[in-house]
Amino acid sequence: MANLIFEHLKKVYPHGFVSVDDVSLSIEDGEFVVFHGPSGCGKSTILRMIGGLEDITSGKIYLDNTFLNDILPRDRKLAMAFQNYALYKHMNVYDNMALGLKLRDLPRTVINTRVKTAAAFLGISDILTKKIRSISDSERQRVALGRAIVCHPKVLLVDEDFAHQDDNLRKDMIHDILKINKELGITVLYVTNNYEEAVSLNSRVIFMKDGKVIEEQHLSCPLIFHPSNSQNMLLMIFASPGNYKFHASERRGLSQPFSLLLFDPLPEKYSTPYGLQYSYLPSALFLPDGFLPGFSLQLQSHTL
Ligand code: ADP
Ligand code: MG
């Protein structure tokens with residue numbers, strides 16, 4: 001059952017600028033969906049409309065068959081992780097995580113259980129009494145996610161502003177939201193303008209441009225193949241290093257397992273058992289003209 005449905009969603013700002021233009025999508029319960037596109041293409045506007053922070057000009061949003069447009073933001077069963085974590089620095093970790101539950105007037109014992117369970121899940125049980133100003137950025141990021149999950153949302157919205165620019169913090173954050181998605185079953189909508197990141201998450205990617213959805217791909221392996229500008233050329237983008245095992249077939253009828261060990265950074269030239277040479281881009285390999293049609297690679301496994 002799809003749990004989040006957009007029907008002809010549109011956002012026009014008062015001066016007439018169309019920020020989101022007729023977006024229709026159906027997102028399954030428990031899916032991890034990535035929205036990718038250049039800055040200004042309408043990604044954050046979509047998240048803000050779902051979250052109720054922005055009026056919907058036209059179109060409809062349904063969450064579990066409930067018409068969401070008319071529901072107050074706090075009653076939408078959604079959690080949002082946006083810029084700067086919006087934590088109260090003078091308060092401790094426990095109170096920051098409990099705040100949304102207190103505003104909903106939940107009993108103390110329920111709040112206590114939920115905060116402690118979420119803290120254990122995110123590995124921050126030992127800092128519950130510490131003030132936000134005294135903990136690290138990585139811990140703050142987890143507290144912000146903890147505050148989102150204590151409300152038991154059906155959907156978690158993560159905007160790219162939330163993701164720290166520091167590579168390690170970003171990796172930690174992605175690890176945490178994947179865990180939230182897989183282990184808690186919460187649907188995640190994740191916005192990023194970083195292409196490599198978008199294609200590396202083993203997820204459905206919605207590509208946007210000028211307020212519209214221009215393409216959708218379900219990427220179930222850590223690399224993608226797509227035709228490059230030159231005809232008969234195949235570009236493979238590798239989202240991460242590691243040992244890739246393929247099954248290769250080519251037009252002379254050869255068909256055999258084929259593995260590619262990619263280090264980070266990639267070697268400048270790479271020779272394959274077929275005696276073929278690949279030139280490279282960072283994290284990408286081009287198969288030269290003449291490979292296609294008739295050559296195919298099927299990914300069998302990827303190990304780091
Ligand atoms: P993204 O998150 O993909 O970078 P946004 O959804 O933030 O893009 O913005 C989409 C477009 O809408 C941008 O061109 C932006 O300038 C415009 N926009 C965003 N907020 C407003 C606003 N409050 N008033 C007018 N235009 C806006
Ligand atoms: Mg944005």
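Numbering of residues begins at 1 and proceeds along the displayed sequence. Values reported hereafter were calculated over all heavy atoms of this structure, with side chains retained and with hydrogens, waters and symmetry mates removed. Indexing begins at 1, ligand by ligand and atom by atom, following the structure's order.
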message = Determine whether a donor-acceptor pair (N or O, by modelled atom type, separation under 3.5 Å) exists between the side chain of Asn69 and the backbone of Ile61.
response = yes
Is a donor on one side and an acceptor on the other found under 3.5 Å between the side chain of Arg114 and the backbone of Val150? yes
**Asked** Do Thr187 and Asp29 come close enough that some side-chain heavy atom pair is under 4.5 Å?
**Response** yes
Sequence neighbours excluded, the answer for ring pair (Phe, Tyr, Trp, His ring centres under 6.0 Å) partners of Phe17 is none
Rounded to the nearest 0.5 Å, the CD1 atom of Ile180 sits from the NE2 atom of His175 at a distance of 10.5 Å
Taking a 3.5 Å cut-off between nitrogen or oxygen atoms, can you list every pair linking ligand 1 to the protein, with distances?
residue	atom	partner	partner atom	Å
ligand 1	2 (O)	Ser44	N	2.9
ligand 1	2 (O)	Ser44	OG	2.8
ligand 1	3 (O)	Cys41	N	3.2
ligand 1	3 (O)	Gly42	N	3.0
ligand 1	3 (O)	Lys43	N	3.0
ligand 1	3 (O)	Lys43	NZ	2.9
ligand 1	4 (O)	Gly40	N	2.6
ligand 1	6 (O)	Ser44	N	3.4
ligand 1	6 (O)	Thr45	N	2.9
ligand 1	6 (O)	Thr45	OG1	2.5
ligand 1	8 (O)	Gly42	N	3.3
ligand 1	12 (O)	Ser19	OG	3.3
ligand 1	20 (N)	Tyr13	OH	3.2

side-chain hydrogen bond (donor to acceptor under 3.5 Å, both in side chains) pairs touching residues 35-44, sequence neighbours excluded, are Ser44-Asp159
Please check this pair: side chain of Asp176 against backbone of Gly146, looking for a donor-acceptor N/O pair closer than 3.5 Å. no
### Parallel, tilted or perpendicular: ring planes of His15 versus Tyr13, cut at 30 and 60 degrees
parallel
Listing protein N, O or S under 2.8 Å around the Mg ion (ligand 2) gives Ser44 OG
Checklist line | Under 3.5 Å: donor-acceptor pair, side chain of Thr57, backbone of Val12 | finding: yes
